[in-house]
Every structure is written in structure tokens, then in C-alpha cells.
Amino acid sequence: MKRKELAICDKEQDYTLRFAEYANGHREPLFTVHGFTSLEELIEDEKERPADILLLSQAMLDEVQKNELAGQIICLTEEEYQEEELECPMIYKYQSCPQILRKAFSIYAERVPQSLGAAVKLGSLRRIGIFSPLGRVGKTSLALALGRELTKQKRTLYLNMEEFSGFPALYPHEEGFTLSELMYFLKQGKKAFACKLESIVRQIGGLDYLPPVRSPLELWDIQGEDWARLLAALEKESRYEFLLMDLGSSVKGLFELLEACDKIYMPLTRDETAQGKLKQYEDTLELLGLEELSARTEKLFLTDITELEAYAKAEGRRWAGE
């Protein structure tokens, strides 16, 4: 994927340099960020390297002539509340760099008419499913542990697809953007998927994840074809090498999603009730003609968190080494 350009122009040199340093410090950033402290420098640079996004302080914005800059202009305002709305979008200047970048990417994704291009990879996106017909067996703990190991070597995205993930309480974040917004973006047929994705993704212990839906009603509104559209977009336009899907039983298109997985991990317990539920699941696979899923499923009987984390570490190293 060709890297896009983002320019920030503000007279506060320390602010501008720190912003550019942080933004360029990520592994394979979607945008290359350049900092300027004068409008003249920015305009001169634009002749050779036009920016797709321009973050301008309000003082700089007042000096810009119409049609002088071609990219998406966003005003960095020093006031949290503006009495008069400007012609261009605004972002409050004095907040964290990640917040500013996510907001800028979201604005750009909503307004840009063309696609950002396709990711160029050596291989396809590897899809790993974590699913169990049982509850309370450490499914999400296993998924997160495996994800944290994988992301040390490979770009990995974790996707929770459960009715009640618990994430809003366990991993609260400052903005309300979730998987639901990304799915709505795709349904609208807009083009800048990679940029919208970047504006929503958060991190847990270095692992990228999409904040899950807030309620089961939102999850039930997502159809099987919507999941297929998301997987196709991640395959074509994201830079991820691994996708971890933490699957709940009520997700629509469950069996199609399991079929899309290269490997399925299934945590289980050995009690009689658990074995009855497992048999019912396997009978369902046979009824649907999906017995081949069993060959891609590894059944796990992990007794405690120490054993779970050790297994995840070993599997993460194995996948990273393939």
C-alpha cells in the first residue's frame, strides 16, 4: 500500500516536532507525517510532496489562500468549544497524539472519494478462530494471550465477536468508536477502509483490536454477508498478517466464519455436560456437511491460566516462525 502524506503546521516547534516524532514512530505507519512551523515552508514542500491531510493551527488557517493547498485541511483549534463553525473540520489541539490522529483519519475516510489502495503482502491474511460451544473455558483469555505473542513478530488484529465481551468495562477507551461504526462504514460503500480502520483500532498490551459492539442488538444486526465484506476488506486493504476471531455462538454466519479460518482453537472441559454440548456441536457439523472443520480444530483442555499462557506462547512462536 502506498504510504499517504500528512503535514502538521504549527508555530509551536516543540509541539510540532513531538507530534511528527510520535506519529512516525509506529511500525509501518499508514501516513508519513511531516512537521512545519511556517506556512511558507509547508507551501514550498507541497509543490514536491502534496499532503493528503493537513493539520493547521487556527492562526495558520487564517493565512491560507483559497485553493493554495490541495489536501484535506483540518484545523487544530486551541478552544474546546467554538462559537463559530469553520468551513473545514476541527480537532481540539491539546489532547493526546493518538486521539488527534484517529480523529483526523476518521474525517479523511469519510470525505475522501477514492480508495487508499491495496496492501502489498508476501502472503494472504492468516485467519485464526477461537471458538467453543461451552462457556467459561478461557476462550477470550486464550485469544488475547495468543495475540500478544503473535504481534511480537507479525502484524496481528484481534476481533471479538461475542454478545457480551465485557470490553467496555475491562478496557475502556476515550471515544465511542467500535466495530459497529466500521461495519456501517463498509455498508455505505465508502472507499477509504484502511484509514477508517486506523481511526478505530485500539491496543491491549501491544495487540491491535477493534472495540467490540456495545450490546448484543448491534451484533445481531450484522449479517453473514457483512462479515464476509469485512474479511475481504481486511485481506485487500489492511496491513495485518494475522486475524484472530474470538467467536461467540450467536454471531450470524458462524459456520461460514469458521470455514474461513486456517485454524480453530477450541477450549473445552472434560465434565459430562461439556461432552454433551461438544457432541451436539459435532452432530451439527455433520448435519451441515462440515465435518472437515474438525480437521482444522484443535481441542484444548487447559486447566489453569499458567497452562493457557504457556500454550499460547508456544503456538504464537510456531505461527510466527511459519
Side-chain angles (χ1 to χ4, degrees), residues 125-151 156-171 179 204-205 207 209-213 215-216 218-220 222 224 227-228 230-231 242-316 318-319:
L125 179 71
R126 307 293 296 276
R127 301 163 180 172
I128 299 174
I130 300 89
F131 173 74
S132 178
L134 314 182
R136 302 293 300 163
V137 287
K139 179 170 66 69
T140 295
S141 296
L142 174 64
L144 291 174
L146 179 57
R148 283 191 288 265
E149 288 301 320
L150 272 175
T151 202
T156 303
L157 179 67
Y158 168 76
L159 181 58
N160 186 291
M161 301 151 82
E162 296 179 300
E163 293 175 275
F164 299 100
S165 67
F167 273 52
L170 295 170
Y171 310 105
L179 171 64
I204 306 172
L207 172 65
Y209 78 100
L210 282 169
V213 297
S215 79
E218 294 178 22
L219 183 68
W220 298 334
I222 302 173
W227 293 120
L230 175 62
L231 295 187
F242 281 88
L243 174 66
L244 291 179
M245 293 189 285
D246 189 349
L247 293 155
S249 296
S250 66
V251 64
K252 291 183 178 178
L254 171 64
F255 294 106
E256 288 80 2
L257 287 166
L258 289 171
E259 283 188 285
C261 293
D262 298 290
K263 174 87 176 213
I264 302 161
Y265 293 97
M266 182 177 287
L268 297 166
T269 56
R270 297 184 186 278
D271 61 274
E272 185 178 0
T273 300
Q275 294 306 303
K277 291 184 177 183
L278 175 61
K279 184 178 187 310
Q280 185 178 0
Y281 168 76
E282 292 177 337
D283 288 346
T284 301
L285 291 185
E286 184 177 356
L287 181 66
L288 296 173
L290 297 174
E291 297 93 336
E292 55 89 21
L293 283 180
S294 297
R296 275 183 274 154
T297 299
E298 187 162 345
K299 298 173 184 175
L300 307 174
F301 298 91
L302 304 171
T303 57
D304 56 45
I305 190 66
T306 301
E307 188 177 355
L308 182 152
E309 290 181 348
Y311 180 83
K313 183 173 290 188
E315 283 296 282
R318 182 183 67 79
W319 279 108

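Given the structure is predicted, the values throughout are model-derived calculations rather than measurements.
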message = If we ignore hydrogens and angles and just use 3.5 Å, is the side chain of T156 paired with the main-chain N or O of G147 as donor and acceptor?
response = no
query = Who pairs with E149 by side-chain contact (heavy atoms from CB on, under 4.5 Å), at least two apart in sequence or on another chain?
reply = K152, K313
Can you check whether [X] reaches [Y] side chain to side chain, under 4.5 Å on heavy atoms?
{"X": "T140", "Y": "S165", "answer": "no"}
{"X": "F131", "Y": "T297", "answer": "no"}
{"X": "L230", "Y": "L179", "answer": "yes"}
{"X": "Y209", "Y": "L244", "answer": "no"}
{"X": "V137", "Y": "T269", "answer": "yes"}
{"X": "W220", "Y": "E163", "answer": "yes"}

[atom1] of [X] to [atom2] of [Y]: how many Å apart, nearest 0.5 Å?
{"X": "L258", "Y": "I264", "atom1": "CG", "atom2": "CD1", "answer": "4.5 Å"}
{"X": "L300", "Y": "L308", "atom1": "CG", "atom2": "CG", "answer": "8.5 Å"}
{"X": "M161", "Y": "I130", "atom1": "CE", "atom2": "CD1", "answer": "10.5 Å"}
{"X": "I305", "Y": "L142", "atom1": "CD1", "atom2": "CG", "answer": "9.0 Å"}
{"X": "L254", "Y": "W227", "atom1": "CG", "atom2": "CH2", "answer": "11.0 Å"}
{"X": "I128", "Y": "L150", "atom1": "CD1", "atom2": "CG", "answer": "5.0 Å"}

query = Could you go step by step and tell me if L146 and Y158 meet the side-chain contact (heavy atoms from CB on, under 4.5 Å) rule?
reply = CA-CA 10 Å; L146 179 57; Y158 168 76; over 6 Å; no
Work out which heavy atom in [X] is nearest to a heavy atom in [Y]; give both atom names and the distance.
{"X": "Q275", "Y": "F301", "result": "NE2-CE2, 4.2 Å"}
{"X": "N160", "Y": "P212", "result": "CB-CG, 3.7 Å"}
{"X": "L268", "Y": "P133", "result": "CD2-CD, 4.4 Å"}
{"X": "S132", "Y": "S249", "result": "O-OG, 4.1 Å"}

task = Any pair with a residue in residues 273-286 that passes salt bridge (charged side-chain N to carboxylate O under 4.0 Å, His left out), sequence neighbours left out, goes on the list, sorted by first then second residue, please.
result = K279-D283, E282-K299
message = Does anything in residues 128-139 form a salt bridge (charged side-chain N to carboxylate O under 4.0 Å, His left out)? List the pairs, not counting sequence neighbours.
response = K139-E162, K139-D246
request  = Assess whether side-chain contact (heavy atoms from CB on, under 4.5 Å) is satisfied between L231 and L125, documenting all intermediate values.
outcome  = CA-CA 9 Å; L231 295 187; L125 179 71; 5.8 Å; no
ask   = Under the salt bridge (Lys or Arg N to Asp or Glu O under 4.0 Å) test, which residues partner R127, sequence neighbours left out?
value = E235
Salt bridge (Lys or Arg N to Asp or Glu O under 4.0 Å) partners for E218, two or more places apart = R214
key: Qualifying side-chain hydrogen bond (donor to acceptor under 3.5 Å, both in side chains) pairs, either residue in residues 251-262, two or more places apart   = none
message = Please check if the number of heavy atoms outside E292 that lie under 6.0 Å from its CD is greater than 12.
response = yes
